[in-house]
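Note that the structure is a prediction, hence the values are computed from the model and not measured.
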Amino acid sequence: NLGRALAMLADARGVEVGDVSDFLETPPVDCPPDSPPFLNAAAHLRTTLEPRALLDRLLAIEAAMGRVRSAAARNA
């Protein structure tokens with residue numbers, strides 16, 4: 001999923017993906033006991049987008065990949 005998300009981000013107008021860290025598996029914190037580990041990474045981006053527009057693009061990629069956010073997360 002991380003590789004696909006990075007590819008979708010690289011295809012976005014106004015975004016250039018630079019270096020990407022290794023993927024790192026970390027244990028869940030403050031999650032239900034049966035939660036699987038998280039897979040994390042960092043990416044260096046260059047963008048002409050304003051911060052809110054970049055966030056909207058990232059959230060759209062998540063949604064396109066099937067992520068459903070809770071109401072609490074949407075209102076945070």
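Note on residues 34-61: pairs passing side-chain hydrogen bond (donor to acceptor under 3.5 Å, both in side chains), not counting sequence neighbours, are T26-N40, R52-D56. Sorted by first and then second residue, the side-chain hydrogen bond (donor to acceptor under 3.5 Å, both in side chains) pairs with a member in residues 4-24 form an empty list; sequence neighbours excluded. For residues 23-33, no pair satisfies salt bridge (Lys or Arg N to Asp or Glu O under 4.0 Å), with sequence neighbours left out.
What you find for P37 and P28 is that their closest heavy atoms are CA-CD, 3.9 Å.
The distance from the CD atom of E62 to the CZ atom of R69 is 4.5 Å, given to the nearest 0.5 Å. Note that CD1 of I61 and CG of L9 are 4.5 Å apart. Values are rounded to the nearest 0.5 Å.
Not counting sequence neighbours, the partners of A43 by the side-chain contact (heavy atoms from CB on, under 4.5 Å) test are L6, V20, L45.
Hydrophobic clustering places M65 together with F23 (ILVMFWY residues linked when any side-chain heavy atoms are closer than 4.5 Å, directly or through intermediates). A chain of hydrophobic side-chain contacts below 4.5 Å, direct or via other Ile, Leu, Val, Met, Phe, Trp or Tyr residues, connects L2 to M8.
In the hydrophobic clustering (ILVMFWY side chains linked at under 4.5 Å, chained through shared members), L59 is joined by L55.
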Q. Do L39 and L24 pass the side-chain contact (heavy atoms from CB on, under 4.5 Å) test, and can you show the C-alpha distance, the side-chain angles, and the key distance before you say yes or no?
A. CA-CA 6 Å; L39 194 58; L24 179 65; 5.9 Å; no
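Looking at heavy atoms from C-beta onward, C31 lies in side-chain contact with F38 at the 4.5 angstrom threshold.
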